[in-house]
Amino acid sequence: MDGNLFTSHLLDWYDANGRDLPWRREPNPYRVWISEIMAQQTQLDRVVGYFDRWMARYPDLQSLALAREEDVLKLWEGLGYYSRARNILKSASVLAHAHGCVFPSDPIAIRALPGVGAYTAGAVASIAFGLCEPAVDANVLRVFARLLDLDAPVAETGVRQTVERTVRALIPEDRPGDFNQALMELGALVCAKRPRCGECPVRAHCLAHARGVADSRPVLPPSRKAIRIEMATGVLVRHGRVLIQKRRPGDVWPGLWEFPGGCVEPGETPRQALAREFREEVELVVEPVEKITVVAYSYTRYRVTMHCYRCRLTGDAEPVPVFNEAAEGGFVLPAQLAEYAFPAGHRRLIEFMERDARAAGWFDAGRHD
DNA sequence: AAGCCGTGGAG
DNA sequence: TCTCCAAGGCT
């Protein structure tokens, strides 16, 4: 491959077709870092809104160093992979104490930050500091699987190393960040899962295209099957306040809030499962009295059908929840639910109840006590 | 190293 | 409806 010609074709295309993204307008290290963490396993179009809100709230490292985890998780709500947000806070602490709130330019120091792996370190080093470091993400792997017609599964570590070496040899000293971004942009817009070779600025350099096998690259590993599960969750209102609890570290969605509930076990109905979960989780005896809605959502490899019920206490005793499987919890006003970060499925339940509130009155105090 | 961590859009 | 999979990292 003629490296110089390849690079100029690619950069010319990027200059004409690269998207106008907020962190590209002002690529200081802090902004580039945040954008790259947000972009992990997330399509850029979804990142933009979160990025803008983040920068309005935490415009620099100094302001981030004072941030509270609750607020950061709320800002991150819906973006997924919440450990990224917690790792940003851990990094902020490191950057404040060990680096005096000056973002380090040394790739090794960048790579040492929590949540920063080989890709992100290379991206920040090249985009923010102009260093000739490769940034090999899924886009770049796919692009080079086609350029080089690699017949090994791209998930293999050997393939990544091959691609990193190749990229390192191609990076132009005057535009390392643009080169890396151009490779990714090409993968996102042209050399996508279904390639659009007719629009490709570097198809003359592409072995898979020359051989007519671009559609069968990259070679993918066998996929894991989705697991379907049924869950039940309950809305318990008392004196106009609704019971929620905060998930513990080590759980799925650590630090996020939810309504009590859990998996429907074999042989159980959703209502039975819900009564059992309330006993186990919060030591309250409740009865599901009314189906609110069914929310279908998915996380990682699970496909969840969540049956949502309005619950009432059986018995007259004042409820004192004991949070056996949560970090904390309590009864909060429905209007306050907006201040807590919920997993997407529970957030959709809240939105359903708010939309439906006038007709159904899910949160009406007099209806439930 | 293989499994886990979220979510929503594309096809 | 259902599968695939994103500007990955951690354990």
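In what follows, chains are A, B, ... by sequence order, proteins preceding strands, each numbered from 1. The basis for the numbers below is simple: all heavy atoms, side chains too, and nothing from hydrogens, waters or symmetry mates.
Atom OH of A:Y82 and atom C1' of B:dT7 are 7 Å apart (whole Å). Atom CZ in A:R196 sits about 14 Å away from atom C1' in B:dG11, given to the nearest Å. Rounding to whole angstrom units, CG of residue A:N180 and C1' of C:dA7 are separated by 10 Å. Following rounding to the nearest Å, A:N87 (CG) and B:dC4 (P) show an atom-to-atom distance of 19 Å. Put simply, CE on A:M231 is 14 Å from C1' on B:dG6, counting in whole angstrom units. Protein atom CD of A:Q40 is 8 Å distant from nucleotide atom P of C:dC10, rounded to whole Å. For the pair A:R194 CZ and B:dG9 C1', the computed distance is 15 Å after rounding to whole Å. One can place CG of A:D215 at 14 Å from C1' of B:dG11, the figure rounded to the nearest angstrom.
The residue A:A118 sits close only to the backbone: its heavy atoms come under 4.0 Å of sugar-phosphate atoms, none of a base. A:V116 comes within contact range of the sugar-phosphate backbone alone, with a heavy-atom separation under 4.0 Å but no base atom that close. Within the 4.0 angstrom heavy-atom criterion, only backbone atoms of the sugar-phosphate kind lie near A:L220; the bases stay farther away.
A donor-acceptor contact under 3.5 angstrom links the side chains of A:Q245 and A:E281, judged on distance only.
Aromatic rings from A:F342 and A:F259 are positioned such that their centres are separated by under 6.0 Å. Remark: aromatic rings of A:W253 and A:Y299 are close, center separation under 6.0 Å. A:W76 has its ring centre no less than 6.0 Å from the ring centre of A:Y50.
A:R301 has a side-chain polar atom (N or O) that falls below the 4.0 Å cut-off from OP1 or OP2 of B:dC4. For the pair A:R142 and C:dA6, the criterion of a side-chain N or O lying under 4.0 Å from OP1 or OP2 is met. Within the structure, a side-chain polar atom (N or O) of A:Q41 is placed less than 4.0 Å from OP1 or OP2 of C:dG8. Applying the 4.0 Å criterion to OP1 and OP2 of C:dT3, one finds that A:R228 has a side-chain N or O inside that range. The phosphate of B:dT7 has OP1 or OP2 within less than 4.0 Å of a side-chain N or O from A:W253. Between C:dA7 and A:T42, no contact under 4.0 Å exists linking OP1 or OP2 to a side-chain N or O.
Looking at the side chain of A:R24, the nearest of the listed nucleotides C:dA7, B:dG3, C:dG8 is C:dA7. Among B:dG6, B:dT7, C:dG8, the nucleotide with an atom closest to any side-chain atom of A:A344 is B:dT7. Of the candidates C:dA7, C:dC10, C:dG8, C:dG8 carries the atom nearest the A:A138 side chain, counting heavy atoms from C-beta on. Distance from the side chain of A:R46 is smallest to B:dG8 among B:dG8, C:dC5, C:dA7. Looking at the side chain of A:T120, the nearest of the listed nucleotides B:dG8, C:dG8, B:dC4 is C:dG8. Of the candidates C:dG8, B:dG3, C:dC5, B:dG3 carries the atom nearest the A:R224 side chain, counting heavy atoms from C-beta on.
The residue among A:L113 and A:Q43 whose nearest nucleotide of DNA chain C is located toward the 5' end is A:Q43. When the nearest nucleotides of DNA chain B are assigned to A:G345 and A:T157 by heavy-atom distance, the more 5′-ward of the two goes with A:T157.
The aromatic rings of A:H205 and A:F6 sit perpendicular, their planes meeting at an angle over 60°, well past the 30° parallel limit.
At a cut-off of 3.5 angstrom, the base of B:dG6 holds no donor-acceptor pair with the side chain of A:Y299.
Within the 4.5 Å cutoff, the side chain of A:R68 has heavy atoms near those of the A:D71 side chain.
Between the P atoms of C:dA7 and B:dC4, the separation comes to 24 Å (whole Å). Here, C:dG9 and B:dG8 have their P atoms 22 Å apart, quoted to the whole Å.
The backbone N or O of A:T269 lies less than 3.5 Å from a partner atom in the side chain of A:Q272, making a donor-acceptor pair.
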